[in-house]
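Okay, structure first, notes after.
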Amino acid sequence: MQVLQKTQTIVRYQHPNSKVYYGIVEEDEILQLSSNFTDVINNELTYDGSRVKYHDVRILEPVVPSKVINFGWTYAEHAKETGGKANLKEPFLFLKPSSSVIPDQGEIVLPPADLTKQVEMEGEVALIIGKRCKNIKEEEALDYVFGCTIFNDVTARDLTKKDPQFTRGKGFDTFGPLGPCIVKGIDPTNLRIVTTLNGKVVQEGNTNQMSLSIPFLISWISQVMTLEPGDVLATGSPSGSCPMKSGDIVVVEVEQIGKLCNYVK
């Protein structure tokens with residue numbers, strides 16, 4: 001078997017034979033790997049000899065994280081529009097449960113109206129941790145990032161505005177679209193983010209506009225908790241978050257990564 005030494009775009013998917021694989025995207029095809037996630041993050045990639053068409057498989061969440069860590073109010077204008085504080089010296093921190101995570105093309109299921117009447121999108125760049133780490137230095141932080149993906153921090157805004165903490169408003173099932181792929185070798189500190197709702201641009205920004213740097217965020221959270229391979233760090237959202245309703249289509253596009261598309265039900 002051929003051993004692959006370099007990768008760029010990695011997906012996790014379900015083959016028509018029902019098995020789950022990792023693969024490397026090349027145009028409209030996927031080079032199927034026999035490697036598991038540990039092999040993938042260690043760059044021990046073994047091509048099993050199969051190629052599948054991208055559109056013939058079901059793209060899954062690119063990782064199954066032990067935790068989804070979210071940094072809030074890292075963009076000043078978004079902090080202002082949601083009632084937060086701009087230009088914080090430390091991020092507003094919250095977690096999402098793994099049950100919130102859904103893949104590209106998955107359905108965002110709105111909770112009953114008696115629970116929330118204002119569900120909004122927040123398009124973000126997310127980092128996938130590649131090595132177990134704790135108490136890391138800021139200048140070394142990016143060494144622990146395996147790659148980048150896209151995240152939609154779906155939020156029940158009416159709940160986050162009245163609850164003393166964000167767990168309920170952020171934690172509903174399907175409130176964490178993630179994917180469609182992991183891209184290695186790109187600079188997460190300068191990526192353009194565009195979110196559209198039914199084809200209309202509602203959010204537009206760049207990670208270079210963040211009030212707290214990505215290396216700082218990684219180092220900062222590593223002082224609080226051990227980061228494990230596959231953990232997701234969602235870096236925050238630019239301004240423009242707005243309500244979604246059943247039947248809507250929300251797309252978060254990040255340059256050099258692709259598009260994360262989800263349907264609101």
G123 and V252 have their tightest heavy-atom pair at CA-CG1, 3.6 Å
Under-4.0 Å salt bridge between E81 and R157
no
> Out of curiosity, does I182 fall in the hydrophobic cluster containing L60 (side-chain heavy atoms, cut-off under 4.5 Å, transitive links)?
Replying inline: no
| Is a side-chain donor or acceptor of D173 paired with a backbone partner of P111 at a separation under 3.5 angstrom? | no
- Are L217 and L88 connected in the hydrophobic side-chain network, where two residues link if heavy atoms are under 4.5 Å apart? no
Taking the side chain from N70 and the backbone from L95, do they hold a donor-acceptor pair closer than 3.5 Å? no
Take atom NZ of K131 as the centre, draw a 6.0 Å sphere, and report whether it contains more than 12 heavy atoms from other residues, nucleotides or ligands. yes
With a 3.5 Å distance limit and no angle check, can you tell me whether T207 reaches the backbone of N190 through a side-chain donor-acceptor pair? yes
Taking E27 first and then K53, would you say they form a salt bridge - that is, a charged N and a carboxylate O separated by under 4.0 Å? no
Check: So does R192 pair up with E204, basic N to acidic O under 4.0 Å?
Finding: yes
Scanning both residues in full, the closest heavy-atom pair of N36 with Y22 reads C-CD1, 4.4 Å
Legend entry - Sidechain N-carboxylate O distance under 4.0 Å for D163, R168: yes
field: Check: K117 main-chain N/O paired with D158 side-chain donor or acceptor under 3.5 Å
entry: yes
A quick test of your reading: do over 12 heavy atoms of other residues, nucleotides or ligands sit less than 6.0 Å from NZ of K259?
no
Inset, instruction - Evaluate whether atom NZ of K89 has more than 12 neighbouring non-hydrogen atoms of other residues, nucleotides or ligands under 6.0 angstrom away. - result: no
(request) Check whether F216 and F71 end up in the same hydrophobic cluster, where Ile, Leu, Val, Met, Phe, Trp and Tyr are linked by side-chain heavy atoms less than 4.5 Å apart. (result) yes
Could you tell me whether the side chains of S241 and E120 share a donor-acceptor contact shorter than 3.5 Å?
yes
_CZ (R51) with more than 12 external heavy atoms under 6.0 Å_ = yes
In terms of heavy-atom contacts, Y54 and P180 come closest through OH-CB, 3.8 Å
Do I41 and V101 sit in the same hydrophobic cluster, where Ile, Leu, Val, Met, Phe, Trp and Tyr count as joined when their side-chain heavy atoms come under 4.5 Å apart? yes
Hydrophobic cluster membership, V254 vs L260, 4.5 Å side-chain cutoff: yes
task = Assign the ring pair F92 / W73 to parallel, tilted or perpendicular, where the plane angle (0 to 90°) is split at 30° and 60°.
result = tilted
With distance as the sole test, does K170 use its side chain to make a donor-acceptor pair with the main-chain N or O of V154 at under 3.5 Å? no
